[in-house]
Amino acid sequence: MRAGSLSVEEEEEGQRAEWEAVVGLEIHAQVHSASKLFSSAAVTFLAPPNSCVALFDAALPGTMPVLNRRCVEAVVLTGLALGCRINRRSYFDRKHYFYADMPAGYQITQQRVPVAERGVLRVPGEWHGRERNLGITCVQLEQDSGKSLHDAAEGLTLVDLNRAGVGLMEVVTEPELTSGAEAAAAVQELQLILRTLGTCQGIMAEGHLRVDANVSIRKPGQPLGVRTEVKNLNSLRWLSRAVDFEIRRQIGLLETGGQIVNETRSFDVKLGFMPEPNLPSLVLMGDDERPMNQRQNRQGLVSVSALRALLPELPASRRSRLIRNHDLRPDLVTTLVKEDGLMEYFEEVIEVGKQDPKIVINWVMNDLLGVLNECGLSVSQSPIKPRVLAELINLQIDGIISSSVAKKVFTMMWKDNEVRSPVKIVAESGWSIICDPVQLEAACIDVIAKHPKQVELVRSGHAKVLNKFVGQVQKLLDGRGDPAQVKRILENKLLPQTGDGHCS
Ligand code: ADP
Ligand code: MG
């Protein structure tokens with residue numbers, strides 16, 4: 001390639017840099033509830049087709065919706081966790097469209113006034129140099145649809161209504177994301193919040209969370225471009241890929257004189273909605289209200305302040321608390337909070353052992369999480385309990401065993417399913433640290449004698465080679481030599497002595 005010319009990739013990169021992508025998400029989260037939003041039919045993932053269908057879900061004439069209180073509580077909790085304003089009164093609407101898996105010909109949703117509006121999702125990691133705050137437009141309650149199964153052999157479309165009418169929380173974000181990776185990070189954080197709240201199980205592979213991504217591009221400073229919608233993404237990886245693919249497609253199209261077309265929808269936005277006549281408005285008891293009269297009491301309104309009091313510590317608060325209290329690296333804390341039960345495990349080790357959090361987090365993140373992942377186990381299934389890990393780390397910190405012996409003990413306990421305590425293993429294996437200076441010196445002399453070339457290197461100023469000697473001595477001692485003493489002995493023997501402190 002000639003000097004000064006651009007490669008194809010560089011040229012593409014240059015063009016791409018002129019465009020900025022804008023992404024907004026609509027995330028559909030199934031409410032974790034025993035029964036559906038407006039009927040008492042069960043919500044299950046693995047049930048024979050059409051075995052969980054109430055007459056209302058099949059839209060039989062004369063059947064009426066009865067609002068599931070659990071779903072209302074879930075959407076309020078979720079709205080509160082996202083810092084939304086909760087509307088004391090919200091409304092249900094019918095969104096009309098015709099599709100085999102929507103037997104009523106409409107979906108009940110909240111088009112005009114949703115339960116929750118204007119919140120913030122705090123996504124871990126930096127974004128334009130700051131903690132990322134993604135605006136939440138609203139959280140609203142709606143019905144899921146059934147599923148169509150296309151049977152190619154018979155040339156038939158089969159409809160399974162088990163999912164029809166399951167409660168969905170639709171979380172709509174502002175168009176503030178700029179890439180597939182950012183979109184995936186945002187959904188992952190929402191998933192974590194929903195699981196922490198227990199309002200949605202959040203298993204994407206089972207369809208609990210499905211994402212529609214709205215994508216457009218523009219030149220910096222320009223108004224928003226025409227958007228397209230990529231629907232029904234049910235894995236973080238596909239979300240990320242699909243968004244990036246769509247961004248590239250749009251850039252390619254506009255760069256070659258094409259035009260972005262916003263595909264017409266399967267329903268007419270203006271004509272497609274009407275208020276749901278069979279449901280009253282959804283009234284909540286506001287933050288500063290008590291039931292004013294007997295009628296309100298009898299209705300048993302869902303109370304916003306009662307739910308606020310139930311909010312658990314949320315991921316963003318957990319992260320800042322852990323960073324504040326233990327001075328830990330943010331990326332480690334993000335993983336600690338993301339893995340189910342890992343933060344609790346870490347905190348228990350600290351609580352029991354009263355140890356340096358930086359040492360504990362290394363054990364928990366590298367050793368424990370590593371082997372858990374390898375074996376496909378969850379934190380709660382770990383054969384080594386926090387109390388026992390604390391004991392092991394204490395042996396290391398108190399200088400009774402070296403760090404390499406500590407790893408050996410850990411592996412041994414893992415294999416044995418923690419039958420013996422660390423103290424017992426160390427005692428029975430004779431693994432405690434060797435502090436006897438005579439024994440240590442003998443080992444050092446032995447290693448030095450066997451490596452004359454490296455001795456020359458150290459003496460001619462390659463101080464790093466000294467670490468190799470430390471390693472060799474430890475090998476000779478089965479990793480049991482007191483590291484500080486070994487290092488001191490080797491330094492005394494190999495490094496030029498600086499005399500009584502005169503600088504030359
Ligand atoms: P609709 O309900 O018709 O899908 P909304 O205006 O409510 O339309 O927007 C839905 C989603 O689309 C929101 O997540 C919003 O952030 C996103 N969005 C709106 N305009 C754009 C745009 N120009 N580019 C990317 N995303 C957009
Ligand atoms: Mg939409």
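Here the structure is a predicted model, which means the values were calculated and not measured. Sequential numbering from 1 along the given sequence is applied to the chain's residues.
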Report yes or no: do [X] and [Y] form a side-chain donor-acceptor pair below 3.5 Å?
X    : Y    : answer
Q107 : S145 : no
N87  : R85  : yes
N68  : S33  : yes
T137 : E117 : no
T78  : T199 : yes
W19  : Q250 : no

| message | Can you classify the ring geometry of F346 versus H326 as parallel (below 30°), tilted (30 to 60°) or perpendicular (above 60°)? | response | perpendicular

| task | Can you measure from CG (D356) to CD1 (I393) and round to the nearest 0.5 angstrom? | result | 10.0 Å

| query | Who pairs with Y91 by ring pair (Phe, Tyr, Trp, His ring centres under 6.0 Å), at least two apart in sequence or on another chain? | reply | none

| request: Under the ring pair (Phe, Tyr, Trp, His ring centres under 6.0 Å) rule, collect the residues that match up with F38, sequence neighbours excluded. | output: F92

| Going through the distances and angles, do E182 and T178 end up as a side-chain hydrogen bond (donor to acceptor under 3.5 Å, both in side chains)? | CA-CA 7 Å; E182 282 181 6; T178 62; 2.9 Å; yes

| So, R218 and E20, do they make that salt bridge, N to O below 4.0 Å? | yes

| field | Check against salt bridge (Lys or Arg N to Asp or Glu O under 4.0 Å), D212 and K231 | value | CA-CA 4 Å; D212 296 347; K231 280 184 150 326; 3.2 Å; yes

